Amino acid sequence: MVQISYSDVFSIDHDRGYHEEIKPGDVVRTGPNLFPHFLVVAVSDDKAWVQNTQNGADSIAQLSRCRKIIHEVVAD
Amino acid sequence: MFATGIENSVPTINGGRTRVDEMESCGHYRHWRKDFDCLDQLGIRFLRYGPPIHKTFLGPQKYDWEFADLTFNELLRRDVIPIVDLCHFGVPDWIGNFQNPDFPDLFAVYAKAFAQRFPWVQLYTPVNEMFICATFSARYGWWNEQGTTDRTFVTALNNIVRANVKAMEAILEARPDAIFIQSESSEYFHAENPAAIKPAEVYNSMRFLTLDLNYGHRVGSEMYEYLLDNGMSYEDYHFFLGNSLRHHCILGNDYYWTNEHRVAADGSTRASGEIFGYSEITRQYYNRYRLPVMHTETNLVEGPNGDEAVNWLWKQWANVLRVRNDGVPTVGFTWYSLTDQVDWDTALREQNGRINPLGLFDLNREIRAVGRCYQQLISDWATVLPTQSVCLTVPIVPPSQHGAPRFRAQNADAKVRREAEKAGQSD
């Protein structure tokens, strides 16, 4: 089952649009913006078990939306 | 009116030793021009915004308008309509906190000075979220005076609402056609079991206290006793009944996922999440006050799917339409705020520097998915009449039109009406 989203109404695609291998232990964002940051705990098929680095909350994210944080981008 | 806001909370914590300043934390002092560019990018013409009171109001009749001059002149140049928020959860150090009985008169003078300096400003929220301000400062012990008793709470309520009323009066002296848009949290308390019904009822009466006093609406007998038992005098109460300016007001209400609560039999509360939602709770407030309504704050943090805030925006907008379609005159909607905020995950009680990803833009001023959605929503719905009638429009004077003959006439009419009100000749 595909979870519905109102992003469809606004034609917003959340996928990163480029190839990247995401592995457990990576720190990722799940969109193009600065925050939130997540630690990848496990990967299975098209899903990633991620943990919010600020509050520790666990979630399941679409793997195709995860973007590795290579170097920290800090707002000045 | 599609609006956003620039977060300007300035409470003190740590017994008054630490000043929280969200404009500083969110980079607005450095990036204010860029922030205004972001408004243009989204097509937003209404901005909840105010000068930082602790840096502007330096003493009795003593002001530093430097930053306000810079920013408000730029808003005027861009023809952005500010809804000016003069007190957002804090007061200057020299005033102390909301227990200070001098605060209302001092604040009224400040409000009038602002209105005289910026005569093209028409929309005001003199004191933001009065109920939250009093609750967090004087009942939960979190901000400013950090009081925890019913007496400190009632004292804060009295001073905060009195300051709001006196500021409205003072602003009307400078700008007779000013319109006041309260931005007040809309709350509901759900009883967990039959034994919790009584305390839930008390909380559900208490949630109206600030607006009751502000609009001169008689409180229920239980709340009347509560106020008088905890320091409000008969004269204080009748000040509010006798100084109602409700006909100059729009009932602005805020709704977040945290605005509904569960109440246990011992009176303790915890967040319930969204149960009734914005439309049902707004109807309750509208039925009590019968004023035009504006949704003045909402947001939700972006989460692991990236579309959580998008879905919340849509849900809030659908609720606004529901209220409107039920016949409530609904004049505006606000996603708050323009950028991400900092440390609201602890209600500003701790300075951890944690970024709350709930803005239309992130702190690098990169647009978020919810920002792109709001841009589209504004574009799609801008021409739909909010109150379903061309006869029911808010008489707003755009900054660029201030001084035009038609609007000078509006102001002159308003001045005559205000004089009549003061003389007790009309309601």
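Letters go in sequence order (proteins before strands), and every chain restarts at 1. None of the values given here were measured: they were computed from a predicted structure.
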Inset, instruction - Hey, could you give me the CG/CZ distance between Leu34(A) and Arg368(B), rounded to the nearest 0.5 Å? - result: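 It is 7.5 Å, given to the nearest 0.5 Å.
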
Inset, instruction - Report the distance from atom CD of Gln54(A) to atom CG of Asn352(B), rounding to the nearest 0.5 Å. - result: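 Gln54(A) atom CD to Asn352(B) atom CG measures 9.0 Å (nearest 0.5 Å).
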
Inset, instruction - Heavy atoms only, distances under 4.5 angstrom: which of Pro36(A), Ser59(A), Ala61(A) has the most pairs with chain B? Name it, please. - result: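 Of the candidates given, the most pairs with chain B belong to Pro36(A).
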
Is it the case that atom [atom1] in [X] sees more than 12 heavy atoms from other parts of the structure closer than 6.0 Å?
X: Trp32(B); atom1: CH2; value: yes
X: Lys315(B); atom1: NZ; value: no
X: Trp142(B); atom1: CH2; value: yes
X: Glu74(B); atom1: CD; value: yes

Legend entry - Atom group of Val9(A) that falls short of 4.5 Å from chain B, counting heavy atoms: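 Just the side chain, heavy atoms under 4.5 Å.
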
Inset, instruction - May I ask you to decide if Asn311(B)'s main-chain N or O and Ser5(A)'s side chain share a donor-acceptor pair within less than 3.5 Å? - result: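 Absent.
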
Inset, instruction - Verify, without hydrogens or angle tests, whether Asn33(A) (side chain) and Glu366(B) (backbone) share a donor-acceptor contact under 3.5 angstrom. - result: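 Judged by distance alone, yes, a pair lies under 3.5 Å.
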
Legend entry - Ile367(B), part contacting chain A, at a heavy-atom distance under 4.5 Å: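 Contact with chain A is through the backbone of Ile367(B) alone.
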
Inset, instruction - Please report the shortest heavy-atom distance between Val50(A) and Pro304(B), naming the atom on each side. - result: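 Looking at all heavy atoms of both residues, the shortest contact is CG2-CB, 4.1 Å.
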
Legend entry - Nearest non-hydrogen partners of His14(A) and Ala369(B), listed with the distance: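 The pair with the smallest heavy-atom distance is CE1-CB, 3.7 Å.
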
Legend entry - Derivation and outcome, side-chain contact (heavy atoms from CB on, under 4.5 Å), residues Asp307(B) and Arg65(A): CA-CA 11 Å; Asp307(B) 59 2; Arg65(A) 295 184 180 187; 3.9 Å; yes

Legend entry - Interface residue of largest heavy-atom contact number with chain A, from Asp362(B), Asn356(B), Val310(B), under 4.5 Å: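 Ranked by heavy-atom pairs under 4.5 Å with chain A, first place is Asp362(B).
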
Inset, instruction - Flag the pair Cys373(B) / Tyr6(A) as yes when at least one side-chain heavy-atom distance between them is below 4.5 Å, and no otherwise. - result: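 A side-chain contact under 4.5 Å is absent here.
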
